[in-house]
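A short write-up of the structure that comes next.
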Amino acid sequence: MKPVLSLAFVLALAAPGMAANLAGRWDGTIQFDDYRISFPIEFSGEGSHVKASFFNGDERVTSTAGRLDGNTLSVRFEHYATELDATVTDGVLKGTYGSKRNGFHDIEARPHQDTSATPTKIPDIAGVWDIPNESPKGEHAWRLIVRQTGPETSAAILRVDGDTGAIVGSYSDGKFVLNHFDGARAYVLKITPRQDGALALSLRGGHSAAKDYIAMRAVEARSKGIPEPTDPEKHTRVKDENQPFQFSFPDVDGNIVSSSDPQFRNKVVIVNITGSWCPNCHDEAPFLVELYRRYHALGLEIVALDFEEPEQLADKTRLRAFIKNYGIEYTYLIGGEPKELQAKIAQAENLNSWPTTFLLGRDGKVRLVHAGFAAPASGEFNTRLKTEVTETVERLLSEHAVAPETAAVN
């Protein structure tokens, strides 16, 4: 969507002493160390009440509270524990965005202006590529997923945890320069087509230094002996598939909830390892909410086992905002700190991905483990994941309930 600036909008910006009118799409940049990331931001609202939206492809990440007082803007994203504070002068918004924990970054934005692309011969890089990479989580390769319409390009890197979000941009001077900022994730990805058909990648995110990678088509990667990217259903395992999955943790209010409680007896249960600090967990939450609303009355329960930083365990403001923002109605329990994950979920092996989802049958035994969440930016991988999880839930719900005496033995 590319809104046209109205005369009233222009006058509102130009008239001295008049409150700034922010309505519409703006082109922003945010400063990280020695480089800047470009991103779109959109403002809406009435009077002094303002909403701001970052973008992850077509998805919006919208503020939870905001106010425009004259030319002074203050917007909060409580589910991220971040805030945007800025002023508008001569049609330019300048300020900072961030949090006390992760720091604040200079931000600047101007009303969106269409730019016409320079006609040029543009390489076709659309499709799925493999990125050889030995990661700390045991991966041997990632995936690069590219969509392209002329010079306009959207890409996502899919790892075992999930994807980077949609990194968008265009082709110019021999390379594609793509940016992503959705309020949590920040990336600049430069893609240079090589003469041998591979792609040279330079990825920089947040405060990290640029890292270089090579992307190649899957056929070439296999011919070179490079293993396929990690299968998310084989990354994490349970030590004993015949042992019912057990949990016992406090909820947000401190009440202990256990797998042996009556509400889970003879139910299909999804146990979700999550954290409100985790962008891929934010990606996954709407899907779990959708599953719960669709299948809860048929016998599905969902239990989130949340692991947070110490300050969030002491003050659960961000966590409560996360629950409210996504409309989470299923059981939400506090597992501890992220570093305690493996010790607290001792039945699992190689449990190191955020999120990770366990699907339990009516007998309480694990039928499927899925590491990470491929979000909409991952295209077909998102569609495939949602279809497979939904079909698994439906199959498990169709199984006969366990007899009470059998459940008692288990």
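Here the structure is a predicted model, which is why all the values come from computation and not from measurement.
Atom CD of E241 has 12 or fewer heavy atoms from other residues, nucleotides or ligands within 6.0 Å. The number of heavy-atom neighbours closer than 6.0 Å to CG of D231, taken from other residues, nucleotides and ligands shown, is above 12. In K100, the NZ atom is not crowded: 12 or fewer heavy atoms of neighbouring residues, nucleotides or ligands sit closer than 6.0 Å.
The CG atom of D182 sits 14.0 Å away from the CZ atom of R60 when rounded to the nearest 0.5 Å. How far NZ of K267 is from CG of L298: 11.0 Å, rounded to the nearest 0.5 Å. To the nearest 0.5 angstrom, R185 atom CZ is 7.0 Å from T164 atom OG1. Separating the OH atom in Y35 from the CZ atom in R204 is a distance of 5.5 Å, to the nearest 0.5 Å. To the nearest 0.5 angstrom, L189 atom CG is 8.0 Å from S202 atom OG. Here C278 contributes atom SG and F322 contributes atom CZ; the two are 8.0 Å apart, rounded to the nearest 0.5 Å.
Taking the centre of each ring, F287 and Y292 stay at or above the 6.0 Å mark. For F55 and F39, the ring centers are positioned 6.0 Å apart or more. A centroid separation of 6.0 Å or more is found between the aromatic rings of H370 and F358.
Between H105 and H207, the ring planes lie tilted relative to each other; the angle falls in the 30° to 60° range. Aromatic ring pairs are classed by plane angle as parallel below 30°, tilted from 30° to 60° and perpendicular above 60°; the pair F77 and Y97 is perpendicular. Relative ring orientation between F307 and F249 is described as perpendicular, the plane-to-plane angle rising above 60° on a 0-90° scale split at 30° and 60°. Between H79 and Y326, the ring planes lie perpendicular to each other; the angle is over 60°, past the 30° to 60° tilted range.
Contact between V92 and E108 at its shortest, heavy atoms only, is CG1-CG, 3.9 Å. Across all non-hydrogen atoms, the minimal contact from I41 to A109 is CG2-CB, 4.5 Å. Scanning all heavy atoms of the two residues, the minimum distance from I214 to A198 falls at CG2-CB, 4.0 Å. Closest non-hydrogen pair, D261 versus I256, comes out as OD2-O, 4.4 Å. Taking all atoms of both residues into account, the shortest heavy-atom contact from G174 to P193 is O-CD, 3.8 Å. Shown here for R36 and V188, the closest heavy-atom pair between the two residues is O-CG2, 4.1 Å.
Counted by atom type alone, N133 and S135 present zero donor-acceptor pairs between their side chains at under 3.5 Å. Side-chain N/O atoms of D85 and S74 include a donor and acceptor closer than 3.5 Å.
Here the side chains of V61 and Y80 are in contact, with some heavy-atom distance below 4.5 Å. Taking the side chain as every heavy atom from C-beta outward, Y213 and I157 never approach each other to under 4.5 Å. Counting heavy atoms from C-beta outward, I226 and D130 have side chains that stay 4.5 Å or more apart. For the pair L333 and V303, the minimum side-chain heavy-atom distance is below 4.5 Å. Inter-residue side-chain proximity for I328 and V289 is flagged as met; some heavy-atom pair is nearer than 4.5 Å. Between L319 and Y332, some side-chain heavy-atom pair lies under the 4.5 Å cut-off. Using a 4.5 Å heavy-atom threshold, the side chains of E152 and Y171 count as separate. With a 4.5 Å cut-off on side-chain heavy atoms, L158 and W142 do not count as touching.
Judged by distance alone, with hydrogens and angles left aside, the side-chain atoms of D240 form a donor-acceptor pair with the main-chain N or O of N242 at under 3.5 Å. Judged purely by atom type and a 3.5 angstrom limit, N350 uses its side chain to pair as donor or acceptor with the backbone of H235. The backbone N or O of A375 sits nowhere less than 3.5 Å from a side-chain atom of D283 that would complete a donor-acceptor pair. Between the side chain of N280 and the main chain of D163, a donor-acceptor pair closer than 3.5 Å is present. Checked by atom type and distance alone, the side chain of D251 pairs as donor or acceptor with a backbone atom of G254 at under 3.5 Å. Using a distance-only test at 3.5 Å, with no hydrogens or angles considered, no donor-acceptor pair links the side chain of R318 to the main chain of E78. Proximity of a side-chain donor or acceptor of Q342 to a complementary backbone N or O of L351 within less than 3.5 Å is detected. In this structure a side-chain-to-backbone donor-acceptor pair under 3.5 Å is present from K344 to G335. Of the possible donor and acceptor atoms, none in the side chain of R143 sits under 3.5 Å from a partner among the backbone N and O of P229. Without hydrogens or angle criteria, S63 side chain to A52 main chain gives a donor-acceptor distance under 3.5 Å.
Salt bridge status for R76 with E83: absent, with no side-chain N to carboxylate O gap under 4.0 Å. Here K190 does not pair with D212 in a salt bridge; the nearest charged N to carboxylate O distance is not below 4.0 Å. The residues E399 and R362 are annotated as not salt-bridged, no charged nitrogen and carboxylate oxygen being separated by less than 4.0 angstrom. Using a 4.0 Å cut-off between charged side-chain N and carboxylate O, E42 and R25 make a salt bridge. A salt bridge links R194 with D196; the closest basic N to acidic carboxylate O contact falls under 4.0 Å. Salt bridge R367/D363: present, at least one basic N to carboxylate O contact under 4.0 Å.
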Note to self: Go through it in stages, so that I can follow the logic: the residues are W354 and T274, the test is side chain to side chain contact (heavy atoms under 4.5 Å, CB included), and I'd like the CA-CA distance, side-chain angles, deciding distance and then a yes or no.
What the structure shows: CA-CA 6 Å; W354 302 89; T274 188; 5.9 Å; no
Next item on the list: Could you walk me through whether L360 and I270 pass the side chain to side chain contact (heavy atoms under 4.5 Å, CB included) test, one step at a time?
Entry: CA-CA 6 Å; L360 319 182; I270 294 176; over 6 Å; no
Note to self: What verdict does the side chain to side chain donor-acceptor pair (under 3.5 Å) test give for E284 and N272, after you've listed the backbone C-alpha separation in whole Å, the side-chain angles of each residue and the deciding distance to 0.1 Å?
What the structure shows: CA-CA 10 Å; E284 183 187 40; N272 174 236; 2.9 Å; yes
Checklist line | side chain to side chain contact (heavy atoms under 4.5 Å, CB included) assessment of R101 paired with E309 | finding: CA-CA 10 Å; R101 175 180 175 82; E309 312 100 315; 3.4 Å; yes
Note to self: If you apply the rule side chain to side chain donor-acceptor pair (under 3.5 Å), what do you find for E301 with T331, and how did you get there?
What the structure shows: CA-CA 8 Å; E301 293 288 347; T331 302; 4.7 Å; no
Item checked: Trace of the side chain to side chain contact (heavy atoms under 4.5 Å, CB included) decision for V252 with K316 -> CA-CA 8 Å; V252 178; K316 302 179 180 65; 4.0 Å; yes
Checklist line | Pair T62-S53, side chain to side chain donor-acceptor pair (under 3.5 Å): steps then yes or no | finding: CA-CA 4 Å; T62 301; S53 295; 2.9 Å; yes
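Under the side-chain contact (heavy atoms from CB on, under 4.5 Å) rule, I273 has a single partner from L305, D306, T357, which is L305.
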